[in-house]
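Structure, as structure tokens:
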Amino acid sequence: MELINQTLIMAFLGIIAACCVTFPILFLVQRRKQHRELIETIKDFLKQSD
């Protein structure tokens, strides 16, 4: 029973560690993508105003 508890705790901590690495990376990628789309929108707007 002790081994099962330790295994579950380690698995849970592993999942938390994976999330702590994965979610910030996904956040940065999404933010960069939105930034690029914003720049394209501004470029299109400036082209139309010329």
Side-chain angles (χ1 to χ4, degrees):
M1 192 67 182
E2 182 72 23
L3 182 62
I4 293 173
N5 285 342
Q6 286 180 348
T7 305
L8 290 174
I9 290 171
M10 292 302 287
F12 183 68
L13 291 176
I15 291 170
I16 292 174
C19 290
C20 288
V21 170
T22 305
F23 286 129
I25 292 173
L26 291 175
F27 174 74
L28 290 174
V29 168
Q30 183 66 27
R31 206 167 99 189
R32 186 173 178 195
K33 184 178 176 184
Q34 288 176 346
H35 185 71
R36 189 178 301 135
E37 290 174 358
L38 181 62
I39 290 175
E40 289 298 321
T41 305
I42 292 172
K43 283 181 182 177
D44 291 342
F45 181 74
L46 291 175
K47 284 179 184 177
Q48 290 175 357
S49 64
D50 283 345

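Numbers for residues simply follow the sequence, beginning at 1.
Considering only residues two or more places apart in sequence or on other chains, Lys47 meets the side chain to side chain contact (heavy atoms under 4.5 Å, CB included) condition with none of them. Residues passing the side chain to side chain contact (heavy atoms under 4.5 Å, CB included) test with Cys19, sequence neighbours excluded: Ile15, Phe23. Contacts of Ile39 classified as side chain to side chain contact (heavy atoms under 4.5 Å, CB included), with partners at least two apart in sequence or in another chain: His35, Lys43.
The shortest non-hydrogen separation linking Thr7 to Leu3 is OG1-O, 2.7 Å.
Going from atom CD of Gln34 over to atom CG of Leu38 covers 9.0 Å, rounded to the nearest 0.5 Å. How far CD of Gln30 is from NZ of Lys33: 5.5 Å, rounded to the nearest 0.5 Å. For the atom pair CD1 (Ile9) and CG (Leu13), the distance works out to 7.5 Å, reported to the nearest 0.5 Å.
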